[in-house]
Number of protein chains: 4
Amino acid sequence: MKQKRPKYMQIIDAAVEVIAENGYHQSQVSKIAKQAGVADGTIYLYFKNKEDILISLFKEKMGQFIERMEEEIKGKQTAKEKLALVITKHFSLLADDRHLAIVTQLELRQSNLELRQKINDILKGYLNILESILTEGIESGEFKENLDIRLARQMVFGTIDETVTTWVMNDQKYDLTSLADKVLDLLVFGFHKE
Amino acid sequence: MKQKRPKYMQIIDAAVEVIAENGYHQSQVSKIAKQAGVADGTIYLYFKNKEDILISLFKEKMGQFIERMEEEIKGKQTAKEKLALVITKHFSLLADDRHLAIVTQLELRQSNLELRQKINDILKGYLNILESILTEGIESGEFKENLDIRLARQMVFGTIDETVTTWVMNDQKYDLTSLADKVLDLLVFGFHKE
Amino acid sequence: MKQKRPKYMQIIDAAVEVIAENGYHQSQVSKIAKQAGVADGTIYLYFKNKEDILISLFKEKMGQFIERMEEEIKGKQTAKEKLALVITKHFSLLADDRHLAIVTQLELRQSNLELRQKINDILKGYLNILESILTEGIESGEFKENLDIRLARQMVFGTIDETVTTWVMNDQKYDLTSLADKVLDLLVFGFHKE
Amino acid sequence: MKQKRPKYMQIIDAAVEVIAENGYHQSQVSKIAKQAGVADGTIYLYFKNKEDILISLFKEKMGQFIERMEEEIKGKQTAKEKLALVITKHFSLLADDRHLAIVTQLELRQSNLELRQKINDILKGYLNILESILTEGIESGEFKENLDIRLARQMVFGTIDETVTTWVMNDQKYDLTSLADKVLDLLVFGFHKE
DNA sequence: TATGAATGAGCGTTCATTCAT
DNA sequence: AATGAATGAACGCTCATTCAT
């Protein structure tokens, strides 16, 4: 399918690069078209409008991330191991694609509310994975039974997201992936001594 | 002093209201001026440019929040009590000013990177308070001694921020402030049973 | 080439007309676009900015004037004949295009200094022609050998320019071109009797 | 009278300085007021509007120039001597007040047409002096009897004006006043040999 | 007289989208 | 499918002038 519409991914990849290098507000459609090697008008044969490029970009990148994640999670037994996998994968995905990291953590957030709500919808798949793991952890007795799933999920996502954003804003100077263990430990055991 | 420059706060308050109700990109200077009951040009007697309104807005609101926080923290003994206070105050500040919540959680993030970096600079005062509490907790033996301060701070801020944002995006339907206890418990003790 | 970019000349001609009729400061880009029968944005496909329209206008009109002049001068023998040609052509160019006369003598001078310096650069080609003629006149023995070329050139240009400006400010009431002979005589022989 | 309204001249002098140093379009009323050491509003107690400052400026400076000129001319016998005096005085007035030279030759010309027509009205006094001298020269037999007075006057004024403007645009690098003799010679005897 | 805070009209330019070819 | 020239709506900011004190 992507074979048959090679320009679709070509434009999305161009968008990631252009946005990462020029910033959200300096990424005009004409610039993306140029980077993709197509005419401005061609963009509109593949995307409804500019917003649609960004949503598709996020859907495409996040979609394959979630798919792979769901697959790999099956290989893990405990909730904690699954949580560890998610954190590690999340970190490594973005550590391995610095352009994508800049785009998702900084640039895409400058989009208008409407677009961000659509992005949130796509994120729901990811948040559902998190909730499943948490539920599983309660059921298996790993996590406290009165755990507020929604709050816990917000803690997991909020912590991961803030960690990545801080890393990007510090120019990706240090190794992000290696932080996964400590983050997991903090989430599961908290700050408390013992 | 602010008494003597009533228009300054008048314009800032107008900006909060206009942005909350119309969205960041639909908040033209003329709209803010109208809401503030002044002429467009008057804005520029008090602010360098439009961006300066937004920075000042954040500085003004966040500044008094941090000041009050630092004051009240002195009355608390343990690090955990101090953390509880911060979370509660953070939640109640935004729960009590729904317009401000929309502006800080959703609208201001649509601003360009330059402005957001200035906002981050202002936030540093807040993040420093968090780090102080964490350091204190380690020294007092409340928190584990090998706690990674920066990571822990990112967990606290990330969790609070994500919790508030989710609440705002759900139209502030439920009581935010009452979540403070559970959030504190999660941060301090983690998900783990026992 | 100009045939293939009809909008370019279309916009320049519209600018001359709009400026002549509305005055420099009342000639908004949108007004020029309307007169040219194009959209505002189209202007910017052909010109860098508003100032660029004015520079191009002057360059275009003056450029072809200087080219034609250089050509026709070759057909003349004496320096005096050449000078006569320049004066006559200068007068008839503006007498035949009353809009252009208003624009060059009155309106374009209201532009800022930066633009006027660019206009002066374009004028240099014309001033060079004048200097060549004067040099030639000295060498041929027509003009006094101790003639100060620069001063003489300023006298020629200053006289022509002042004559045209006065004519424009008097609403182009009298025949400008027919003054050429008398102007030439004054420049060559001065006020003096005999 | 000026004694009794010291601020009037104070504002005019401030205007000359501000315009010479900042350029016409960067000479806001508030800047002139500041330079004059008065409040913005005070300007309007002495001048009807901004344009009125500029007209008054020109009238004031040109007025005393013309008065002095008329006085000194009486001391000269021949038309040629009188013409020599006018040129010399015109040059030395501006050579001795570099700010005034910049303002009259470059900056004031950027004003709108209406203002420039008022300036022309003031100039008429000067042009009348020129015409008187020319008429006198014809009557006395110094100048050719068929001299076209208006054209000759345009030649005199155009030459002087162009000479001064060129000098100002060349940053007043050379001595202007010493050019008077050569200019006079050119005007009276032309380019012609013998 | 003198002040200076307040006013508000006015405009060059960008860029997502269209559509004739 | 692909092109790219053309479109036109939208807005932050300046500054001459006023007027309450």
Side-chain angles (χ1 to χ4, degrees), chain A residues 4-8 11 25-34 36-54, chain B residues 4-8 10-11 25-34 36-53, chain C residues 4-8 10-11 25-34 36-53, chain D residues 4-8 11 25-34 36-54:
Chain A
K4 302 207 66 175
R5 303 176 73 204
K7 294 206 172 149
Y8 176 82
I11 291 165
H25 289 291
Q26 277 308 303
S27 297
Q28 296 84 351
V29 170
S30 63
K31 212 178 258 174
I32 294 171
K34 195 171 201 175
V38 301
D40 294 17
T42 306
I43 299 264
Y44 291 86
L45 298 176
Y46 294 92
F47 301 92
K48 212 164 75 248
N49 50 34
K50 188 182 182 182
E51 188 179 84
D52 190 31
I53 306 176
L54 304 173
Chain B
K4 303 210 68 175
R5 300 178 71 204
K7 299 236 161 105
Y8 177 82
Q10 206 170 310
I11 292 165
H25 290 292
Q26 275 310 302
S27 297
Q28 297 84 349
V29 170
S30 63
K31 212 177 261 178
I32 295 172
K34 195 169 201 177
V38 300
D40 292 18
T42 305
I43 300 265
Y44 293 87
L45 297 177
Y46 295 93
F47 302 92
K48 218 166 65 249
N49 49 36
K50 188 182 180 182
E51 187 181 83
D52 191 32
I53 306 176
Chain C
K4 304 211 69 175
R5 300 178 71 204
K7 300 234 160 108
Y8 177 82
Q10 205 169 311
I11 291 165
H25 291 291
Q26 275 310 302
S27 297
Q28 297 84 349
V29 171
S30 62
K31 211 176 261 178
I32 295 173
K34 195 170 202 175
V38 300
D40 292 17
T42 304
I43 300 265
Y44 292 86
L45 297 176
Y46 296 91
F47 301 91
K48 218 167 65 250
N49 48 36
K50 188 182 180 182
E51 186 180 82
D52 191 33
I53 306 175
Chain D
K4 301 207 68 175
R5 302 177 75 205
K7 293 204 174 152
Y8 175 81
I11 291 165
H25 289 291
Q26 277 309 303
S27 297
Q28 297 82 353
V29 170
S30 63
K31 210 176 259 174
I32 294 171
K34 195 171 201 177
V38 301
D40 294 17
T42 306
I43 298 265
Y44 291 86
L45 298 175
Y46 294 91
F47 301 92
K48 209 164 78 248
N49 50 34
K50 187 181 181 183
E51 187 179 85
D52 190 31
I53 306 175
L54 305 173

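Chain identifiers are assigned alphabetically (A, B, ...) following the order of the sequence lines, protein sequences preceding nucleic acid strands; residue numbering begins at 1 within each chain. Everything numeric in this text was worked out from a predicted model, so none of it was measured.
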Which whole-number value in Å describes the distance from Lys31(A) NZ to dC15(E) P? 8 Å
With sequence neighbours left out, write down each residue that passes ring-ring contact (aromatic ring centres under 6.0 Å, His included) with Tyr44(B), or none if nothing qualifies. none
Let me know the distance between OH of Tyr44(B) and P of dT7(E), rounded to the nearest Å. 14 Å
Closest-nucleotide ordering on DNA chain E, the 5'-leading residue of Gln26(A) and Gly37(D): Gly37(D)
Can you list the residues that meet the side-chain hydrogen bond (donor to acceptor under 3.5 Å, both in side chains) rule with Gln10(C), with sequence neighbours excluded? none
DNA chain E in dot-bracket, Watson-Crick or G-U pairs under 3.5 Å, [ ] crossing, | other strand? .||||||||||||||||||||
What is the 5' to 3' range of DNA chain F, first to last nucleotide, that sits under 4.0 Å from any heavy atom of chain D? dC15(F) to dT18(F)
Euclidean distance, atom CG of residue Leu45(D) to atom P of dG4(E) [Å, nearest integer]: 13 Å
Once you apply a heavy-atom cut-off of 4.0 Å, does Val29(B) come out as touching a base, just sugar-phosphate, or nothing? sugar-phosphate
Grab the CG-P distance between Asp40(A) and dA16(E) for me, whole Å please. 9 Å
Rounded to the Å, how far apart are Glu51(C) CD and dC11(E) P? 18 Å
Set of ring-ring contact (aromatic ring centres under 6.0 Å, His included) partners for Phe47(B), sequence neighbours left out: Tyr8(B)
Which whole-number value in Å describes the distance from Ile32(A) CD1 to dA16(E) P? 8 Å
Just verifying a value: how many Å separate Ile32(D) CD1 and Ile43(D) CD1, rounded to the nearest 0.5 Å? 6.0 Å
Applying side chain to side chain contact (heavy atoms under 4.5 Å, CB included), name anything that partners Gln26(A), two or more places apart in sequence or on another chain. Asn22(A), Gln28(A), Lys31(A)
Heavy-atom nearest nucleotide on DNA chain E for Thr42(B) versus Lys48(C): which residue maps closer to 5'? Thr42(B)
Categorize Phe47(D) for me: base, sugar-phosphate, or nothing, with a 4.0 angstrom heavy-atom threshold over every strand shown. nothing
